[in-house]
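Structure first, commentary second.
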Amino acid sequence: MTLAAAQHGFLSPTGVEIAFLLVGLATFGAALVTVTTRQLVHAALWLVVTLGGLAVEYLLLTAEFIAWVQVLIYVGSVVVLLLFGLMLTRAPIGRSPDADSGNRWAALAVAVASAAALVWVVVDAFRTTWIDLDGAAAGTTKVTGESLFQNWVLPFEALSVLLLAALVGAIVLSRKAKADAATAAQAREPRGEQAAEEGAR
Amino acid sequence: MHLVYPAVLSALLFCTGLYGVLARRNAILVLMSVELMLNAVNLNLVAFDVWLSKAARETLHSGQALTLFTITIAAAEIGIGLAIVLAVYRNRGTSDIDRLRDAAEGPDDDPDSGHDSDAAATARAAEKAEATA
């Protein structure tokens, strides 16, 4: 305790800490807007801000490879997939008043209670722990690649099989609905029919 | 850097995602909230890996490797999830998870008998036909 306080002062934060706090505030605010906005497309766009802010936090933590992977996969493809999903399910462009369900207040109570518990426990546990960001970066591409291909080869290969299975599964799930479109056409609402036609295109 | 900063930010982001999962009604918004929770876990993994790579003697950089695996699994999850949501939307004409109550049990078994009961019933019949075929 005294050692930590002697080495690092609470009242003299470093520039990295200040940058981390500011970006963290922006990230948390964007996440709050993402889960509370009533415009569905805006939620996806605020999610871009959240994920980009997290990429900056990874950079500040010297994990640069993770940061660029985050930008490539999350901001580049996951958000685009989510936007496609919103548009294929004909999400309304303007404000949709029924974006939140009726148990919003119960959800808010659960979230606030768990946030209080988690923050209390984490602050209490790691109050005197400091990350040493000086010296060689802990997450350059070289370091990450070496550890990945020396110690984590088998999970890496298993993950490629999982990705292949997910790819095939997504294709099968999408094609099955199209193949059944002719048989179940009369059972469907006209809105769903138009969406199926859009999906077929 | 104080380790509390990334840990607290990660906890707050996780609880934000938890609120979104519980409070949202559109299935795609629920998927977005799940992504938020996964990202909070990723931030925790990276922060603790950077801390341990300096504090401990021998680490396998397991935090960063697991972060990469989580990102990959999240990409697969979002693909499968969106395919399921689109299939449900094609069958039912809605992606509102409050109305997808076919597996619900209890005394009030059919809560949505007021609206689009015909479409739901015919969709259910069509599904049974698919299942038997």
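Basis for what follows: all heavy atoms, side chains included, without hydrogens, waters or symmetry-related copies. Source: prediction; values computed, not measured.
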May I ask you to check whether B:Y5 and A:F126 place their ring centers less than 6.0 Å from one another? no

Honestly, the part of A:F84 sitting under 4.5 Å from a heavy atom of chain B is neither

Okay, A:T62 and chain B: the region with an atom under 4.5 Å from a heavy atom over there is side chain

To the nearest 0.5 Å, atom CG of B:L12 lies from atom CG of A:L118 at 9.0 Å

Turns out that what part of B:S95 lies under 4.5 Å from chain A's heavy atoms comes down to side chain

If one checks every heavy atom of B:I97 against chain A at 4.5 Å, the contacting part turns out to be neither

Within residues 43-51 of chain A, the residues sitting under 4.5 Å from chain B by heavy atom, in sequence order, are A:A43, A:A44, A:L47, A:T50, A:L51

From the list A:V35, A:V110, A:V112, side-chain contact (heavy atoms from CB on, under 4.5 Å) partner of B:Y19 resolves to A:V35

Heavy atoms, side chains only, cut-off 4.5 Å: are [X] and [Y] in contact?
X	Y	value
A:Y58	B:L43	yes
A:L61	B:M1	yes
B:V8	A:V123	yes

Quiz item: Hey, are B:N42 and A:Q70 close enough side-chain-wise for a donor-acceptor pair under 3.5 Å?
Solution: no

